[in-house]
Student: 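Here's a structure for you.
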Number of protein chains: 2
Amino acid sequence: MPPQGATAKVTLEVIKTACSNCNLQELCLPYGLNQMELAKLDELVSTRKRLKRGEHLYRSGQPFDSIYAIRSGFFKTDVLIEDGRDQVTGFQMTGELLGLDGISSEIHTCNAVALEDSEVCTIPFALLEDLSREIHTLQKHFHKVMSREIVRDHGVMMLLGTMRAEERLAAFLLNLSQRFTARGYSPAEFNLRMTRDEIGSYLGLKLETVSRAFSRFQEEGLIAVQQKHIRILNTPGLKKLMTH
Amino acid sequence: MPPQGATAKVTLEVIKTACSNCNLQELCLPYGLNQMELAKLDELVSTRKRLKRGEHLYRSGQPFDSIYAIRSGFFKTDVLIEDGRDQVTGFQMTGELLGLDGISSEIHTCNAVALEDSEVCTIPFALLEDLSREIHTLQKHFHKVMSREIVRDHGVMMLLGTMRAEERLAAFLLNLSQRFTARGYSPAEFNLRMTRDEIGSYLGLKLETVSRAFSRFQEEGLIAVQQKHIRILNTPGLKKLMTH
DNA sequence: AATTCGCGTTGACGTGGATCAAACGCAGTC
DNA sequence: GACTGCGTTTGATCCACGTCAACGCGAATT
């Protein structure tokens with residue numbers, strides 16, 4: 001890439017990093033704020049942080065003082081217990097928040113790891129609380145975001161508690177597809193950022209089971225898999241599998 | 001019961017129903033508030049509601065406008081999906097909050113059912129938001145409560161995703177024991193308010209598996225079961241079973 | 001006291017997914 | 001271009017839990 005091209009790109013990014021100019025407004029915290037309120041939020045969210053694939057954003061046990069909004073990239077969160085067992089508790093993408101679990105005890109209770117090179121906005125939580133006492137809309141939106149996380153977790157509990165392997169994987173693919181769509185990407189074609197093992201951990205399955213389910217979906221013409229590249233060929237078919 | 005006895009009891013309850021006088025302060029929302037702040041909270045939480053065993057506090061799909069604090073009694077929450085599958089997402093006891101899931105969409109996303117005669121404080125959510133913009137401590141505490149719910153759900157996901165039947169049941173019993181203890185009841189002896197089927201649904205197991213696990217624990221001298229009555233005989237034994 | 005009903009227990013058997021094991025494919029690296 | 005290593009696929013076997021079925025028990029009803 002020619003140097004002037006690179007320079008132009010950097011400049012553009014600097015301009016765009018303000019909340020007031022962020023194209024994630026409708027996904028992230030700033031939802032529904034007016035110009036003045038956005039200006040205040042910009043001040044709050046001044047720090048940004050880049051992470052390389054594989055880097056930890058935070059680790060379980062570390063003191064909590066900020067939550068993070070993903071500007072770009074892809075993360076997983078996982079919890080680890082003494083005896084070595086661990087579980088992926090979620091995958092987070094652009095516009096989603098990380099770190100809400102740390103609010104309760106002021107200590108992070110899980111690890112957040114970048115699954116690709118990523119960038120996050122650091123939101124000091126004490127300041128967010130201050131500002132959300134001033135701005136009603138921000139308060140309301142923040143509460144909704146936390147509550148949505150609870151509802152999402154109930155969905156995962158449902159999945160883990162009542163669904164069979166193929167139903168779980170179908171639900172997982174449809175969920176990813178829907179989230180990519182909401183971000184303007186193709187609903188039918190995407191690259192998985194996580195390994196089969198991580199998918200399995202999230203879905204309460206072993207990696208072999210995940211792999212077999214992928215193969216089976218392919219045989220049945222529901223999807224086309226090639227390593228991490230997924231094309232969904234028959235969305236209704238996947239949905240029917242779920243409700244089965 | 002003699003009439004004067006009943007009268008005395010009612011009067012006492014009326015006095016005690018104010019947040020400022022509630023013996024659940026350290027479990028419920030009012031944590032850490034001063035006298036003036038408590039007085040304001042009392043105003044907010046003016047309505048109380050009694051429910052008989054089996055009654056619904058709210059149902060999935062109903063409009064959300066309040067959260068509820070349990071003054072006494074025992075609840076379960078469950079979600080039901082189209083194809084008839086359902087899952088118990090939690091059991092709630094005295095001092096715990098119900099309804100946080102409804103904040104996100106302003107519609108309840110699960111059912112809350114009383115498992116014994118119960119009484120709740122109705123907390124209009126809009127008013128809670130107003131008041132928590134005034135009272136920093138209340139805001140902070142409310143955020144912690146929501147976050148704690150997320151952490152709790154992660155624990156359940158862990159349980160459903162990685163533990164085997166007996167480990168799940170051991171974790172469940174220890175969790176109940178710990179919550180009873182926090183409320184001043186015996187850590188070792190209590191009555192289950194839910195059926196084997198409901199326990200199974202929560203733990204992602206069939207009722208027969210729950211029943212067999214109970215029997216097995218009894219054979220091994222870990223607990224004594226008699227219908228819904230449980231005595232924990234060997235807490236370390238149960239813990240070891242979990243970390244196994 | 002007999003009857004019904006909801007729950008719980010226990011046994012026999014089947015199966016979905018775990019486990020173990022081998023081989024493959026792609027991406028770096030030398 | 002061969003080498004190495006991680007992630008993935010696929011097959012064979014095993015086992016924890018689900019399923020199906022019978023029976024038991026206590027509480028409420030008559």
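Below, chains carry the letters A, B, ... as their sequence lines are ordered, and counting in each starts from 1.
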Student: Is a side-chain donor-acceptor pair under 3.5 Å present for B:Glu82 with A:Thr243?
Tutor: no
Student: Between D:dC17 atom C1' and B:Met163 atom CE, what is the distance in whole Å?
Tutor: 17 Å
Student: Test of understanding: with side-chain contact (heavy atoms from CB on, under 4.5 Å), list the residues that count as partners of A:Leu80, not counting sequence neighbours.
Tutor: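 A:Asp86.
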Student: Between atom CG in B:Leu160 and atom P in D:dC17, what is the gap in whole Å?
Tutor: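 Computing the B:Leu160:CG to D:dC17:P distance gives 13 Å.
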Student: So where does chain A start and stop touching DNA chain C, 5' to 3', when the test is distance under 4.0 Å to a non-hydrogen atom?
Tutor: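 Reading along DNA chain C, I get C:dG17 to C:dC20.
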Student: Can you check the A:Met194 CE to D:dT8 C1' distance for me, whole Å?
Tutor: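 Whole-Å distance recorded here is 16 Å.
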Student: Take A:Gln226 and A:Ala165, find for each the nucleotide of DNA chain C with the closest heavy atom, and name the residue whose nucleotide sits nearer the 5' end.
Tutor: A:Ala165
Student: Anything under 30° is parallel, anything over 60° is perpendicular, the rest tilted; go ahead and classify B:His108 against B:Tyr58.
Tutor: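 The rings of B:His108 and B:Tyr58 lie parallel, inter-plane angle below 30°.
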Student: Partners of A:Asp153 by side-chain contact (heavy atoms from CB on, under 4.5 Å), sequence neighbours excluded?
Tutor: A:Glu149, B:Ile150, B:Asp153, B:His154, B:Met157
Student: Suppose we screen for side chain to side chain donor-acceptor pair (under 3.5 Å). Which residues come up paired with A:Gln227, at least two apart in sequence or across chains?
Tutor: none
Student: Could I get the full list of side chain to side chain donor-acceptor pair (under 3.5 Å) partners for A:Arg183, not counting sequence neighbours?
Tutor: A:Glu96
Student: Tell me, please, which residues at least two apart from B:Ser186 pass side-chain contact (heavy atoms from CB on, under 4.5 Å).
Tutor: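 Expected list: B:Ala188, B:Glu189.
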Student: What residues from residues 207-219 of chain B pass a heavy-atom cutoff of under 4.0 Å to DNA chain D?
Tutor: B:Glu208, B:Thr209, B:Arg212
Student: So does A:Thr77 get a backbone contact from the side chain of A:Thr89, meaning a donor-acceptor N/O pair under 3.5 Å?
Tutor: yes
Student: Return the polar atom pairs (N/O with N/O) between nucleotides 22-29 of chain D and the protein under 3.5 Å, or none.
Tutor:
none

Student: By ring pair (Phe, Tyr, Trp, His ring centres under 6.0 Å), which residues pair with B:Phe190, not counting sequence neighbours?
Tutor: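 By the ring pair (Phe, Tyr, Trp, His ring centres under 6.0 Å) rule, B:Phe190 matches B:Phe180.
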Student: Going by the rule salt bridge (Lys or Arg N to Asp or Glu O under 4.0 Å), which residues pair with A:Glu220 if we only count those two or more places apart in sequence or in a different chain?
Tutor: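 Per chain and number, A:Glu220 pairs via salt bridge (Lys or Arg N to Asp or Glu O under 4.0 Å) with A:Arg216.
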Student: Does A:Gly200 reach a base, just sugar-phosphate, or nothing at all? Heavy atoms under 4.0 Å.
Tutor: nothing
Student: Quick one: A:Lys228 NZ to D:dT9 C1', roughly how many Å, whole number?
Tutor: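 About 14 Å, once rounded to whole Å.
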Student: Quick check on the helix from C:dA1-D:dT30 to C:dC30-D:dG1: what's the angle between its two end axes, five base pairs per end, to the nearest 10°?
Tutor: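 Taking the rotation axis at each end, their angle is 30°.
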Student: Distance-only, no hydrogens or angles: does the A:Thr209 side chain make a donor-acceptor pair with backbone N or O of A:Leu205 under 3.5 Å?
Tutor: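 A pair under 3.5 Å: no.
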Student: Less than 6.0 angstrom separating the ring centers of B:Tyr202 and B:Phe91, yes or no?
Tutor: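 B:Tyr202 vs B:Phe91: aromatic centres under 6.0 Å.
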Student: Please name all residues satisfying ring pair (Phe, Tyr, Trp, His ring centres under 6.0 Å) with A:Phe214, sequence neighbours left out, ordered by chain then number.
Tutor: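 Checked A:Phe214 against ring pair (Phe, Tyr, Trp, His ring centres under 6.0 Å); zero matches.
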Student: Could you give the NZ-to-P distance, from A:Lys206 to D:dC17, as a whole number of Å?
Tutor: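 The distance from NZ of A:Lys206 to P of D:dC17 comes to 13 Å, rounded to the nearest Å.
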